[in-house]
**Q** 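Encoded as structure tokens, here's the structure I'll be asking about.
Atoms within a ligand are numbered from 1 in the order they appear, just like the ligands themselves.
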Amino acid sequence: MIKLYNTLSRKKEIFKPIKDKKVGMYTCGPTVYDYDHLGHAWTYTQADLLRRMLEYNGYKIKQVLNITDVGHLTDDSDSGEDKMEKSAKEKKKNVFEIADYYIKIYLENRKKLNLEEPEIICRATDHIKEMIDLIKILIKKGYAYETEDGIYFEVKKFPFYGKLSGNTLKKLKAGARIEINPYKKSPFDFALWKLTPKGVKRQMEWDSPWGKGFPGWHIECSAMSMKYLGKTFDIHTGGEDNIFPHHESEIAQSEAATGKKFVNYWFHPRFLKINGQKMSKSLKNFLTLSDIEKEGFSAIDLRYLFLTSHYKSPFNFTFKKLKNAQISLNKIYENFSLLKEGKGEIDKKYKKEFLNAINDDLNMPKAISVLWKLIKDKKIKEENKRATLIDFDKVLGLNIEKIEKEIIPPLIEDLAYQREKLRKEKKWEEADKLRKEIEKNGYRIDDTKKGPIIKKIK
Ligand code: AMP
Ligand code: ZN
């Protein structure tokens, strides 16, 4: 039995997919006008853990990840500048180059973090037609209206608005801000399509039945998720800032258009923070993977750090925590590499404990404590311990086996061999020179009770 916290019901629920052993999952992807940062790494690692946990339980996943490469306005009130066009202007590049550049880095970072590849990765700019079709339905059904500057969704027509975030129209009105868009019937209506203002030439704009323009922020996710996963699907993921207005609006548009429930389970990890503040592009307080690599850490060190915290607790990033994570992870690798190889069996008792932890709303800190308990358990046969750790790593994704199999270049092997010989002859100084030589080449030697082990310095 799998339990999952659902933002929609605000409680842990027993997970039941629509189709027997298949799960459809949509993950809100990044807006590609700047580098992805550790906040993204956190949210996408949590989505990865969710899919790996389901796979471990025997489900087949169809995960759709979108890339927002268009029309993300700099404020939520559907006015202001377009983040993509703004970034392109600042960097003196065209918008498509900007998108391609940041997408490439984002996909490389996903690989470094060992995130499983989604079955479908789709770009908003490739789905303009699907968005226009959906908007047409909304107009026809009376949920959307046309104005001089675009098409808007009329929130008051959808009585269930607020069911995800708690932001019902009544509540919103009580805390209303000043109206800034004179074209909207209500300040809470949101844009489905924005027309390019007269006399302006945008780099990204498309023809539509209403004139040249570009899509509003939310419509892409409704159009792409339903195209690939159907009108109703199992899981939708995104960071907590996506709950409102983005996901609330997705529900309104999709359910208004289809008359069916849009998504069964909403999965929202909390923020990754730095110095108590949300890490974000706009606050410019962000660190990227390459920033932590420069400090001598790998993306997998970061992944291990993420595993030690629950996705529903806010996560405050510090380098001190990352250092401790790196030390622990290296201990796991070391312990693993010392285990006898052979035909081992997965230990049933430990597997059950591990499964209980991950199936309880992805309790990864508990799962990690099970892993350590197993590593320290002297009663378990080494071969079985090895097999069980390899099995756990299907979910953890720490590359436990791969790291061990990293090929050591013959030159390094030779230096290590010479060093060991010198040490046996008690020629410490000469031996130490060779150790330094090995380190200069990017490797290090750990002297363990089973003899020296060569490792790549990460
Ligand atoms: P964006 O690139 O801003 O569209 O964000 C893409 C995804 O990353 C969204 O699901 C955000 O909620 C998530 N995200 C961005 N910053 C953070 C953060 N500091 N902590 C957690 N998730 C984040
Ligand atoms: Zn989205």
Side-chain angles (χ1 to χ4, degrees), residues 7 25-48 50 63-76 82-84 87 98-99 102-103 105-107 109-110 113 115 118 121-124 127 131 134 164-165 190 215-229 233 235-254 262-263 266-289 302 305-306 309-317:
T7 312
M25 173 168 162
Y26 184 86
T27 297
C28 273
T31 314
V32 284
Y33 66 97
D34 206 336
Y35 293 102
D36 54 295
H37 53 66
L38 303 191
H40 297 103
W42 160 259
T43 285
Y44 296 119
T45 301
Q46 300 303 343
D48 179 68
L50 174 59
Q63 185 185 14
V64 178
L65 171 77
N66 74 298
I67 306 275
T68 301
D69 56 352
V70 58
H72 201 97
L73 298 172
T74 46
D75 64 39
D76 289 347
D82 176 314
K83 285 178 184 167
M84 292 292 302
S87 170
I98 290 283
Y102 290 117
I103 290 172
I105 292 172
Y106 170 68
L107 295 178
N109 286 342
R110 287 187 62 93
L113 284 162
L115 307 185
I121 299 180
C122 47
R123 287 173 74 151
H127 296 78
M131 295 185 224
L134 194 55
L164 182 72
S165 63
F190 57 87
W217 167 24
H218 317 298
I219 194 74
E220 66 172 89
C221 287
S222 290
M224 292 191 278
S225 62
M226 291 198 288
K227 170 173 178 171
Y228 295 110
L229 298 171
F233 58 92
I235 305 175
H236 196 312
T237 80
E240 63 175 309
D241 53 341
N242 282 162
I243 299 173
F244 188 84
H246 187 47
H247 290 162
E248 194 69 67
S249 308
E250 276 187 43
I251 292 177
Q253 300 162 154
S254 312
F262 178 44
V263 170
W266 288 89
F267 176 86
H268 294 109
R270 301 295 301 274
F271 282 143
L272 178 137
K273 298 183 173 186
I274 186 156
N275 302 322
Q277 259 189 326
K278 180 199 172 192
M279 185 176 283
S280 78
K281 297 176 204 179
S282 49
L283 289 174
K284 300 218 184 308
N285 62 352
F286 66 85
L287 292 167
T288 63
L289 277 190
L302 184 72
L305 172 59
F306 288 168
S309 189
H310 190 257
Y311 78 96
K312 285 310 260 181
S313 314
F315 184 86
N316 200 53
F317 174 83

**Q** Hey, could you give me the CD/NE2 distance between E220 and H246, rounded to the nearest 0.5 Å?
**A**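 E220 CD to H246 NE2: 6.5 Å, rounded to 0.5 Å.
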
**Q** Is it true that D241 lies under 4.0 Å from ligand 1, counting heavy atoms only?
**A**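 Under 4.0 Å: yes for D241.
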
**Q** For G29, is the nearest heavy atom under 4.0 Å from an atom of ligand 1?
**A**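 Contact present.
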
**Q** With heavy-atom distances below 4.0 Å as the criterion, list the atoms of ligand 1 near W42.
**A**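 Selected atoms, number and element: 21 (C).
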
**Q** Which class fits the ring pair Y106 and Y44: parallel under 30°, tilted 30 to 60°, perpendicular over 60°?
**A**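 Plane angle over 60°, so perpendicular.
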
**Q** Out of M279, E240, Q277, H40, whose heavy atom sits nearest atom 3 (O) of ligand 1?
**A**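 Considering heavy atoms of M279, E240, Q277, H40, the nearest to atom 3 (O) of ligand 1 sits in H40.
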
**Q** Of the side chain and backbone of K281, name the one, both, or neither that has a heavy atom under 4.0 Å from an atom of ligand 1.
**A**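 Under 4.0 Å from ligand 1, K281 contributes side-chain atoms alone.
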
**Q** Checking S254 side chain against I251 main chain: does a donor-acceptor pair fall under 3.5 Å?
**A**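 A pair under 3.5 Å: no.
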
**Q** To the nearest 0.5 Å, how far apart are OG1 in T237 and OH in Y26?
**A**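 Here the interatomic distance stands at 9.5 Å.
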
**Q** Output the distance between atom CG (L164) and atom CD (E248), rounded to the nearest 0.5 Å.
**A**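 Spacing of CG (L164) from CD (E248) equals 5.0 Å.
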
**Q** Return the OG1 to CD distance between T7 and E240, rounded to the nearest 0.5 Å.
**A**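 Going from OG1 on T7 over to CD on E240, the span is 9.5 Å.
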
**Q** Less than 4.5 Å apart, side chain to side chain, heavy atoms only: is that true for R270 and F315?
**A**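 No, side chains not in contact.
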
**Q** Is the shortest N/O to N/O distance between G239 and ligand 1 below 3.5 Å?
**A**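 N/O-N/O distance under 3.5 Å: yes.
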
**Q** Which residues pass the ring-ring contact (aromatic ring centres under 6.0 Å, His included) test with F267, not counting sequence neighbours?
**A**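 Partners of F267 under the ring-ring contact (aromatic ring centres under 6.0 Å, His included) test: Y311.
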
**Q** Counting both backbone and side chain atoms, is some N or O of R270 under 3.5 Å from an N or O of ligand 1?
**A**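 R270 vs ligand 1: no N/O contact under 3.5 Å.
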
**Q** Give the numbers and elements of all ligand 1 atoms closer than 4.0 Å to a heavy atom of Y44.
**A**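 Contacts of ligand 1 toward Y44, numbered from 1: 6 (C), 7 (C), 8 (O).
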
**Q** Nearest 0.5 Å please: distance from the CD1 atom of I103 over to the CG atom of D69.
**A**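 Between I103 CD1 and D69 CG, I get 5.5 Å after rounding to 0.5 Å.
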
**Q** For ligand 1, which atoms, with element, lie under 4.0 Å from some heavy atom of T43?
**A**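 Counting atoms of ligand 1 from 1, those under 4.0 Å from T43 are 21 (C), 22 (N), 23 (C).
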
**Q** Would you please test H37 and F317 for ring-ring contact (aromatic ring centres under 6.0 Å, His included) and show each step?
**A** CA-CA 12 Å; H37 53 66; F317 174 83; over 10 Å; no

**Q** Select one of side chain, backbone, both or neither to describe which atoms of L272 lie under 4.0 Å from any atom of ligand 1, heavy atoms only.
**A**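 It is both backbone and side chain that touch ligand 1.
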
**Q** Taking the side chain as every heavy atom from C-beta outward, state whether Y228 and H127 have any atom pair closer than 4.5 Å.
**A**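 Side-chain contact under 4.5 Å: yes.
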
**Q** Is there any N or O on T31 that sits under 3.5 Å from an N or O of ligand 1?
**A**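 Yes, since at least one N or O of T31 sits under 3.5 Å from an N or O of ligand 1.
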
**Q** Give a yes/no verdict on whether any heavy atom in K273 is under 4.0 Å from an atom of ligand 1.
**A**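 K273 does not count as a contact of ligand 1 under the 4.0 Å cut-off.
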
**Q** What count do you get for protein N, O or S atoms closer to the Zn ion (ligand 2) than 2.8 Å?
**A**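 Total protein N/O/S atoms under 2.8 Å from the Zn ion (ligand 2): 3.
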
**Q** If you measure from each heavy atom of F286 to ligand 1, is any distance below 4.0 Å?
**A**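 Not so, F286 does not reach ligand 1.
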
**Q** Just jot down the ligand 1 atoms closer than 4.0 angstrom to any heavy atom of P30, in number order.
**A**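 Matching atoms, with element in brackets: 2 (O), 6 (C).
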
**Q** Would you please name every residue forming a ring-ring contact (aromatic ring centres under 6.0 Å, His included) with F271, sequence neighbours left out?
**A**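 For F271 there are no ring-ring contact (aromatic ring centres under 6.0 Å, His included) partners, ignoring immediate neighbours.
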
**Q** Would you mind running through ligand 1 and noting each atom that sits below 4.0 Å from a heavy atom of G238?
**A**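 Close to G238: 10 (O).
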
**Q** Who are the side-chain hydrogen bond (donor to acceptor under 3.5 Å, both in side chains) partners of D36, not counting sequence neighbours?
**A**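 Only N109 meet the side-chain hydrogen bond (donor to acceptor under 3.5 Å, both in side chains) criterion with D36.
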
